[in-house]
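Here's the structure, in structure tokens; my notes come after.
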Amino acid sequence: MMGKTSNHYALALHGGAGAIAGRNYDAVEEHLRNLTQECAALLADGRSALDVVEIAVAELESSGMYVAGRGSAPNTAGYVELDASIMHGPTRDAGAVAALAGFISPVRIARGVMEKTPHVLLAGAGARAFAQSHAYTEVSDPGDYYIVPVGVTRDELTNSSAHGTVGAVARDQSGALAAATSTGGTFGKLEGRVGDTPLIGPGTWADDNIAISCTGTGEHIIRSGGAVSIACAFKSGVALEMAITDMLYEVKRLGGNAGVIAVSQKNAIATLYNSEGMKRASVSTEQALNVATFK
Ligand code: ASP
């Protein structure tokens with residue numbers, strides 16, 4: 001059986017459960033494939049799970065291909081507000097930002113909240129003040145910076161209830177687990193709306209047994225309990241896929257849809273969803289690279 005320290009590692013990424021059947025995500029899959037290979041190489045080199053999930057999510061944010069970071073849509077007041085979170089399993093340290101405007105990489109700022117403040121979550125003007133005081137990179141020209149993500153039309157940015165998110169979960173060679181998630185939220189959201197993504201518990205979770213990142217309709221994920229409900233079931237002996245399926249069932253019952261990526265201490269990977277599709281990629285020392293959007 002795999003010990004807590006071993007040379008095994010596992011990694012899964014998602015680019016959101018908002019994929020729409022019939023649209024072409026070839027470019028996204030190519031991006032996920034390359035990024036997963038690069039991040040797996042970091043894990044193979046002994047880099048920590050915490051560093052790797054941050055690096056992966058920061059790249060997903062800055063690519064502009066997903067509804068996160070550069071690919072985010074404006075709220076109904078006309079500007080982009082971002083949510084992100086990160087969690088380190090061994091210490092249960094966590095950091096998050098919500099309704100943050102004007103910065104390039106909310107996941108990096110979330111890690112800053114974790115490491116440089118006694119708090120878990122900073123929101124709105126306070127998150128902005130923190131990011132400014134620590135010199136995180138600002139968006140200098142929003143009109144120029146934000147672009148339409150892959151699989152979305154310009155009209156849908158302001159005129160649909162589509163959504164998207166990016167996330168990463170990893171187990172490193174020391175046995176540490178970590179998770180990170182980042183989003184531009186749901187299209188057409190009200191100013192100040194915060195979904196599951198920056199909430200440690202519903203959107204992102206990592207402990208000694210499991211690391212989880214969720215995507216989907218945030219209001220329903222929050223009301224289902226989300227990631228931590230999966231972690232509790234898993235800890236009490238429910239099989240990984242069953243624990244996730246139960247949570248997804250609950251999201252569906254409440255009227256939403258969602259996707260989940262998870263890695264366990266024993267290097268098991270699960271990527272499950274009940275939306276039309278979820279952009280995803282995974283690899284481990286036991287599992288060959290797998291990249292997909294639909295079934
Ligand atoms: N969960 C995100 C939110 O509600 C959206 C998504 O994952 O697609 O903000």
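Heavy-atom basis, side chains included; hydrogens, waters and symmetry copies ignored.
Listed for the Glu191 side chain is no donor-acceptor partner under 3.5 Å among the backbone atoms of Ala77. For Glu81 (side chain) and Gly184 (main-chain N/O), no donor-acceptor pair under 3.5 Å exists by modelled atom type. Under a 3.5 Å cut-off, the side chain of Glu156 and the backbone N or O of Thr153 do form a donor-acceptor pair. Of the possible polar contacts, none joining the Thr204 side chain to the Ile200 backbone as a donor-acceptor pair under 3.5 Å is found. Judged by distance alone, the side chain of Lys252 and the main-chain N or O of Ser275 form no donor-acceptor pair under 3.5 Å. Between the side chain of Arg253 and the backbone N or O of Leu248, no donor-acceptor pair lies under 3.5 Å. Listed for the Arg128 side chain is no donor-acceptor partner under 3.5 Å among the backbone atoms of Gly126. For Asp83 (side chain) and Ala99 (main-chain N/O), a donor-acceptor pair under 3.5 Å exists by modelled atom type. A donor-acceptor pair under 3.5 Å is formed between the side chain of Thr183 and the backbone N or O of Gly164.
Under the 4.5 Å side-chain criterion, counting only non-hydrogen atoms from C-beta, Asp207 is in contact with Arg92. Taking the side chain as every heavy atom from C-beta outward, Arg171 and Lys266 never approach each other to under 4.5 Å. Counting heavy atoms from C-beta on, the side chains of Glu61 and Val107 come closer than 4.5 Å. Taking 4.5 Å as the limit, every side-chain heavy atom of Ser282 sits out of range of all side-chain heavy atoms of Ile261. Using a 4.5 Å heavy-atom threshold, the side chains of Leu177 and Gln265 count as touching. The side-chain heavy atoms of Glu138 and Tyr145, taken from C-beta on, include no pair separated by under 4.5 Å. You'll find the side chain of Ile147 reaches within 4.5 Å of the side chain of Arg70, heavy atoms only. Between Glu38 and Leu42, the closest side-chain pair of non-hydrogen atoms is not below 4.5 Å.
Cluster membership check: Val291 shares its hydrophobic cluster with Leu60, using side-chain heavy-atom separations under 4.5 Å among Ile, Leu, Val, Met, Phe, Trp and Tyr. Under a hydrophobic clustering in which Ile, Leu, Val, Met, Phe, Trp and Tyr are joined whenever their side-chain heavy atoms come within less than 4.5 Å, directly or via other members, Met65 and Leu35 fall into the same cluster. In this structure, Val166 is not a member of the same hydrophobic cluster as Val263, with clusters built from ILVMFWY side-chain heavy atoms closer than 4.5 Å. Under the 4.5 Å side-chain heavy-atom criterion for Ile, Leu, Val, Met, Phe, Trp and Tyr, Ile20 and Tyr66 are members of the same hydrophobic cluster. Cluster membership for Val52 and Tyr9, using ILVMFWY side-chain heavy atoms within less than 4.5 angstrom, is shared.
For residues 41-58, every residue pair satisfying the side chain to side chain donor-acceptor pair (under 3.5 Å) rule, not counting sequence neighbours, is listed here: Arg47-Asp51, Asp51-Arg111, Glu54-Arg108, Glu54-Arg111. Within the structure, side chain to side chain donor-acceptor pair (under 3.5 Å) pairs that include any residue of residues 12-22 comprise His14-Ser213 (at least two apart or interchain). Counting only residues at least two apart or in different chains, side chain to side chain donor-acceptor pair (under 3.5 Å) contacts with residues 227-238 are absent.
The hydrophobic cluster around Leu157 extends to Val67, Val148, Val152, Phe187, counting ILVMFWY residues whose side-chain heavy atoms fall within less than 4.5 Å of a member. Through side-chain heavy atoms spaced under 4.5 Å, either directly or across other Ile, Leu, Val, Met, Phe, Trp or Tyr residues, Leu122 is tied to Val97, Leu100, Phe103, Ile109, Val113, Phe130, Tyr136.
The structure places OG of Ser224 at 7.0 Å from CG of Leu254, a figure rounded to the nearest 0.5 Å. Glu115 contributes atom CD, which lies 11.0 Å from atom NE2 of His134 (distance to the nearest 0.5 angstrom). Taken to the nearest 0.5 Å, the CG atom of Leu50 stands 7.5 Å off from the OG1 atom of Thr91. Distance check: Asn274 CG to Asn257 CG gives 6.0 Å after rounding to the nearest 0.5 Å. With values rounded to the nearest 0.5 angstrom, Cys214 atom SG is found 6.5 Å from Asp196 atom CG. Summarising the geometry, atom CZ belonging to Arg23 is positioned 9.5 Å from atom CZ belonging to Phe294; distances are rounded to the nearest 0.5 Å.
At a cut-off of 3.5 Å, with distance as the only test, a side-chain donor of Thr285 or Asn267 sits close to an acceptor on the other residue. Between the side chains of His8 and Glu286, at least one donor N or O sits under 3.5 Å from an acceptor N or O. Side-chain contact check for His220 and Glu250: no donor-acceptor pair (N or O, by modelled atom type) lies under 3.5 Å. Between the side chains of Thr181 and Thr197, not a single donor N or O lies within less than 3.5 Å of an accepting N or O. Between the side chains of Ser174 and Asp172, at least one donor N or O sits under 3.5 Å from an acceptor N or O.
Closest of all the heavy-atom pairs between Ala227 and Trp205 is CB-CB, 3.8 Å. Nearest approach of Ala179 to Val169, heavy atoms of both residues: CB-CG1, 3.8 Å.
Both tests pass for Lys295 against the ring of Tyr273: distance under 6.0 Å to the centre and angle within 45° of the axis.
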Given salt bridge (Lys or Arg N to Asp or Glu O under 4.0 Å), test Arg193 with Glu219 step by step and report yes or no.
-> CA-CA 10 Å; Arg193 178 266 185 190; Glu219 284 73 7; 2.8 Å; yes

Check step by step if side-chain contact (heavy atoms from CB on, under 4.5 Å) holds for Leu289 and Arg33.
-> CA-CA 8 Å; Leu289 178 63; Arg33 178 174 294 109; 3.6 Å; yes

Gln173 and Leu43: CA distance, side-chain angles, deciding distance, side-chain contact (heavy atoms from CB on, under 4.5 Å) verdict | CA-CA 7 Å; Gln173 294 191 50; Leu43 289 167; 5.8 Å; no

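Looking at residues two or more places apart in sequence or on another chain, you find a side-chain hydrogen bond (donor to acceptor under 3.5 Å, both in side chains) between Thr293 and Glu29.
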